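Written below as structure tokens is the structure these notes are about.
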Protein chains: 2
Amino acid sequence: MARRTPPQSASRGKDHLVEELHAALVTDDPQRAALLDAILKVVVDHGLGPESPPVEIMQLLGDKWSSLILTLLGTGPFRPSELRRVVNLISRLGNSTPISQRVLTVKLRSYERLGFIQRTAWPTMPPRTDYRLTPLGRDLVNTIAGIVDWSLSHKDEITAAIHAYDHAGAD
Amino acid sequence: MARRTPPQSASRGKDHLVEELHAALVTDDPQRAALLDAILKVVVDHGLGPESPPVEIMQLLGDKWSSLILTLLGTGPFRPSELRRVVNLISRLGNSTPISQRVLTVKLRSYERLGFIQRTAWPTMPPRTDYRLTPLGRDLVNTIAGIVDWSLSHKDEITAAIHAYDHAGAD
DNA sequence: CCGAATCCGACGGGATACTG
DNA sequence: CAGTATCCCGTCGGATTCGG
């Protein structure tokens, strides 16, 4: 873990890998080389590997429920039981299985941890809680909407591609 | 599938559920009710449940490698071995584990099935193959870039939120 | 009503060996 | 080099139960 810094320079390992990256590609196309350089710069400076923030966020959102939950929260605060009812009614609309209480709680916790939503609890009896988007979360929901819209507007195209692919062997 | 919407009979079940949706929410705020209606319309017409196209695409992209692979393919065609080398070098940059050949193949297949990339194979010996984005795939990559950029530009904020959350009990 | 704890099945993804 | 088949393990998500 806490190893001494290598004798020569702090980013020696990185530099070396970047050189390897260039060597690993046979690019006779200078334009593409420039593109790759741009991407590598992003990758090296900010990270896009399997444990980088973008991938972790994609993983968080890439589950069964997050798109729906966050989109719903975009309309305003929800109490957990409300949220669960609505989510499950929508699930039924698509003939899908409902979300369990446990999973809903886990999801909400993880959003809260990343600062996307804020949890408010009143110490009454019975207890009352609500969840609402933070400004950061609202921003995220807008970004998600980009993919949601894209998916919806291209779904026929994608469906056609799937159909073509699945029938390719049977021609 | 894409049937006309008769006012009464065919979508009776749906209508019923939509009514339930309204009943499930205690909204004294008319503005929010309008927002919810808008979302419900999208949800009901196009689907946003757990098995809808948007969620399935989010799930496809929400794995360990897709963001990186598709971003790289955005620079031009790759041979599998090239792609794997580059991906793994980048993984090492982030001190992550490499991608296995099997998983890379599985991922590429799934992208191909949805029409995001095109596979070209020459029946030579040794074999040669390459993968390149389709127009649809290029469009998708641009959309992904939206989330990637968002993640990168907010990562400090998110990191701070995580830190605050994890220390909340220890104040 | 909110949510934590426990048990369990399903699936993603890694290592390895093998074919063309 | 490209791809498949097998095996294995860790994690995710669902059902249920219990506590505040």
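Lettering of chains follows the sequences in order, A, B, ..., and the numbering in each one begins at 1. Predicted, not measured: the structure shown is a model, and the values here were computed from it.
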Between [X] and [N], is there a contact of a side-chain N or O with OP1 or OP2 at under 4.0 Å?
X	N	result
A/Trp122	D/dG20	no
B/Ser100	C/dT16	no
A/Lys107	D/dC12	no
B/Arg128	D/dA2	no

Rounded to the nearest Å, what distance is computed from the [atom1] atom of residue [X] to the [atom2] atom of nucleotide [N]?
X	N	atom1	atom2	answer
B/Leu68	C/dG13	CG	P	14 Å
B/Leu60	C/dC11	CG	C1'	15 Å
B/Arg119	D/dT4	CZ	C1'	12 Å
B/Asp130	D/dC1	CG	C1'	13 Å
B/Asp63	D/dT11	CG	C1'	14 Å
B/Ile99	D/dG3	CD1	P	13 Å
A/Tyr131	C/dG3	OH	P	4 Å
B/Gln101	C/dA15	CD	P	12 Å

Inset, instruction - Determine whether the side chains of B/Asp156 and B/Thr159 contain a donor N or O and an acceptor N or O closer than 3.5 Å. - result: no

Inset, instruction - Answer yes or no: is there an ion pair linking B/Asp130 with B/Arg119, defined by an N-O contact shorter than 4.0 Å? - result: no

Inset, instruction - Please work out if A/Pro127 contacts a base, only the sugar-phosphate, or nothing of the nucleic acid, heavy-atom cut-off 4.0 Å. - result: base

Inset, instruction - For B/Arg84, answer base if it contacts any base atom (sugar-phosphate contacts may also be present), sugar-phosphate if it contacts only those atoms, and nothing otherwise; contact means non-hydrogen atoms under 4.0 Å. - result: nothing

Inset, instruction - Using heavy atoms to find the nearest nucleotide of DNA chain C for A/Leu108 and B/Gly62 separately, return the residue whose nucleotide is more 5′. - result: A/Leu108

Would you check if [X] and [Y] make a side-chain contact, meaning some heavy-atom pair closer than 4.5 Å?
X	Y	result
B/Leu104	B/Trp65	no
B/Ser52	B/Val55	yes
B/Ile158	A/Pro53	no
B/Thr129	B/Thr120	no

Legend entry - Shortest side-chain distance from A/Val103, nucleotide among D/dT4, D/dG13, D/dA2: D/dG13

Inset, instruction - Side chain of A/Arg79 only, please: which of C/dC2, C/dG14, D/dG3 is the nearest? - result: C/dC2

Legend entry - Residues in side-chain hydrogen bond (donor to acceptor under 3.5 Å, both in side chains) contact with A/Asn88, at least two apart in sequence or another chain: none

Inset, instruction - Could you grab the distance from atom CG of B/Asp149 to atom CG of B/Leu152, nearest 0.5 Å is fine? - result: 6.5 Å

What are the atom names and distances for every N/O pair under 3.5 Å that joins the protein to nucleotides 5-7 of chain C?
residue : atom : partner  : partner atom : Å
C/dT6   : O4   : A/Arg102 : NE           : 3.2

Legend entry - Closest-nucleotide 5' rank along DNA chain D - winner of A/Pro126 and A/Lys64: A/Lys64

